[in-house]
There are 2 protein chains.
Amino acid sequence: MSEISKTKGRPRKFDKENALKIALHLFWRHGFEGVSVANLASSMGINVPSLYAAFGNKEQLFFKSVELYGKTNANIYAPALALDTAYEVAQAILLGEVDLVTNPEAPDGCLMVQGALVTSPESQELSDMMSKLRLTAEGWMADRFEKAIEDGDLPKNADAKALACFIMTVNSGIAVQAKTGVKRHELLKIVDYSLLAFRKIAMLD
Amino acid sequence: MSEISKTKGRPRKFDKENALKIALHLFWRHGFEGVSVANLASSMGINVPSLYAAFGNKEQLFFKSVELYGKTNANIYAPALALDTAYEVAQAILLGEVDLVTNPEAPDGCLMVQGALVTSPESQELSDMMSKLRLTAEGWMADRFEKAIEDGDLPKNADAKALACFIMTVNSGIAVQAKTGVKRHELLKIVDYSLLAFRKIAMLD
DNA sequence: GTATTTATTTAGTGAACAATACAAAAATGT
DNA sequence: ACATTTTTGTATTGTTCACTAAATAAATAC
């Protein structure tokens, strides 16, 4: 069952992980339909058939890019949700989003928002999948806030789902603003404001 | 100088304004690059050359769609900015956005956000134009809040630009959430929360 | 009636799209 | 040495892209 055995055929000339990273950055900047397979391949420094051999097709390459995105650039939720208080969770998610969308070594904005927010009818499923992923993250937050209510960290009459929806709304807004060109220090003000709001909404003070 | 004279050549068989409305709805739902000229023409009930004769080309058709959008569906800012207090302005803009992005007779979401948030490199100018339009609206808000500070409606040390940026961030977030499938009554909660935040940020109470 | 103007229809243009067929090349297994 | 496996490069598939040339049709101008 181990996969340690030497590969048999002709060895791949390019670094698959690095090629995937290049694809991710192109999808990130231009969206799924804003970049062509020919463009992807040449930017990755490979021929089109090598891309298909290594990644399947354009859609699967996009999925793998999203996966890499979640493991590297957008690894926000897992560590944030593990924090002690609902407030810290909200803070970590919003600050993590600002870091993500203004990272100078990556495209501006958020792949989950701009990767396939709108598409041609042919790619509707892909757009739906991205919506589901955003809703999944919102669900994680809602569950975490629910737990905070049970723990007594949030008041009993707090609305966990609505709080999560509020944070996700600000998150998405921050992503659009970053793509619009709004700078990091301005987005950090938005985070401060939103956290002030969070405390008030959650009736923490 | 009057343009009341009868048109000379063969009369157009289709209603130009209605055709433009159909184009607007397609761009709204699928984005500039998510719908083809052939698709636009057939949905408008006309042949492709008629589209070019009436509207120039795809880009100009998009511009005219944006213009129609501003005059009809998205006529939010002018009436909102004329209201008496900064709080009422913020409230009208956020509620107007929710109405806009959840109107059951139009596509979900906001054309200014999803029309060309990301594009292929060839359409970068178009994406930049949409960013500029969003920033223009934000500028209107900032100016209005500045005036509110001068009027004593907002405290002297309020940050007009940051307040405008906050409202625009929530606005964009609401647009993304509507496209994600979040329902009107949930978005109205977000508006309530954001207005609570607005009062606190602006130090109105 | 004839000329002029504009819209419509049909049938295309070359370029770009996602995806592949095929054969040569480069590794391993026996 | 030779068969097997996988990647590579070249060339190409059929389709869709934005856009248009050309002929016909329907109105007004004089």
Side-chain angles (χ1 to χ4, degrees), chain A residues 2-20 23 26-27 30-65 115-116 118-127, chain B residues 2-20 23 26-27 30-65 115-116 118-127:
Chain A
S2 69
E3 292 286 355
I4 328 172
S5 69
K6 281 268 176 73
T7 48
K8 217 188 240 183
R10 178 173 177 172
R12 190 177 285 117
K13 272 209 293 191
F14 63 95
D15 180 347
K16 199 173 169 184
E17 200 71 6
N18 186 58
L20 183 58
L26 283 172
F27 284 134
H30 302 297
F32 176 74
E33 287 181 328
V35 57
S36 69
V37 172
N39 240 312
L40 285 160
S42 81
S43 295
M44 293 153 102
I46 64 179
N47 293 110
V48 171
S50 296
L51 186 154
Y52 279 90
F55 301 105
N57 60 21
K58 189 185 181 183
E59 203 170 43
Q60 287 171 40
L61 178 59
F62 183 79
F63 292 158
K64 281 163 185 162
S65 298
V118 292
T119 60
S120 68
E122 292 80 45
S123 303
Q124 185 57 49
E125 283 186 30
L126 211 146
S127 181
Chain B
S2 69
E3 292 287 354
I4 328 173
S5 69
K6 281 268 175 73
T7 48
K8 217 188 237 179
R10 177 175 177 172
R12 189 177 286 116
K13 270 207 296 189
F14 63 96
D15 180 345
K16 199 174 167 184
E17 202 68 8
N18 186 57
L20 183 58
L26 284 172
F27 284 134
H30 301 296
F32 176 74
E33 288 181 326
V35 57
S36 70
V37 171
N39 241 311
L40 285 160
S42 81
S43 296
M44 292 153 103
I46 61 179
N47 293 109
V48 171
S50 296
L51 185 154
Y52 280 89
F55 301 105
N57 60 21
K58 189 185 180 184
E59 201 170 45
Q60 287 171 42
L61 177 60
F62 183 78
F63 291 157
K64 281 162 184 161
S65 297
V118 293
T119 61
S120 68
E122 292 79 46
S123 302
Q124 185 57 49
E125 282 186 31
L126 212 146
S127 181

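Each chain gets a letter, A, B and so on, in the order the sequences are listed, and its residues count up from 1.
In this structure, CG in A:L26 is found 9.5 Å from OG in A:S36, a value given to the nearest 0.5 Å. Taking CG from A:N39 and OG from A:S43, the interatomic distance works out to 5.5 Å, rounded to the nearest 0.5 Å. Note that the CG atom of A:N47 and the OH atom of A:Y52 stand 13.0 Å from one another [nearest 0.5 Å]. The CD atom of B:E125 sits 10.0 Å away from atom OG1 of B:T119, with the distance rounded to the nearest 0.5 Å. In this structure, CG in A:L126 is found 9.5 Å from CD in A:Q124, a value given to the nearest 0.5 Å. Distance check: A:D15 CG to A:I46 CD1 gives 11.0 Å after rounding to the nearest 0.5 Å.
In terms of modelled atom types and a separation under 3.5 Å, the side chain of B:K58 and the main chain of B:V35 share a donor-acceptor contact.
Legend: residues meeting side chain to side chain donor-acceptor pair (under 3.5 Å) with A:E122, ordered by chain and number and at least two apart, are A:S120.
Taking a 4.0 Å limit (strictly below) on heavy-atom distances, residues 34-43 of chain A reaches DNA chain C at A:V35, A:S36, A:V37. Of all the residues in residues 44-61 of chain A, A:N47, A:P49, A:S50 reach under 4.0 Å from DNA chain D with at least one non-hydrogen atom. Near-neighbour residues of DNA chain C inside residues 118-127 of chain A, defined by a heavy atom below 4.0 Å, are absent.
Two residues are said to be in side-chain contact when any heavy atoms from C-beta on lie closer than 4.5 Å; B:S127 and B:V118 fail this criterion. Within the 4.5 Å cutoff, the side chain of B:L61 has no heavy atoms near those of the B:V37 side chain.
An angle of 0°, rounded to 10°, separates the two end axes of the helix from C:dG1-D:dC30 to C:dT30-D:dA1, each defined over five pairs.
Ring geometry, B:F55 versus B:F14: the interplanar angle falls from 30° to 60°, so the pair is classed tilted.
Regarding contacts with the backbone of C:dT9, a side-chain N or O of B:K13 is found under 4.0 angstrom from either OP1 or OP2.
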Under 3.5 Å, which protein N or O atoms sit close to an N or O of nucleotides 1-6 of chain D? Give each pair with its distance.
from  : atom 1 : to    : atom 2 : distance (Å)
D:dT6 : O2     : A:R10 : N      : 3.2

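The nearest pair of heavy atoms linking A:S123 to A:E33 is OG-OE2, 3.1 Å. Smallest separation of non-hydrogen atoms from A:H30 and B:P121: CE1-CG, 3.6 Å. Taking all atoms of both residues into account, the shortest heavy-atom contact from B:S65 to B:F27 is OG-CD1, 3.6 Å. Closest of all the heavy-atom pairs between B:A19 and B:M44 is O-CE, 3.4 Å.
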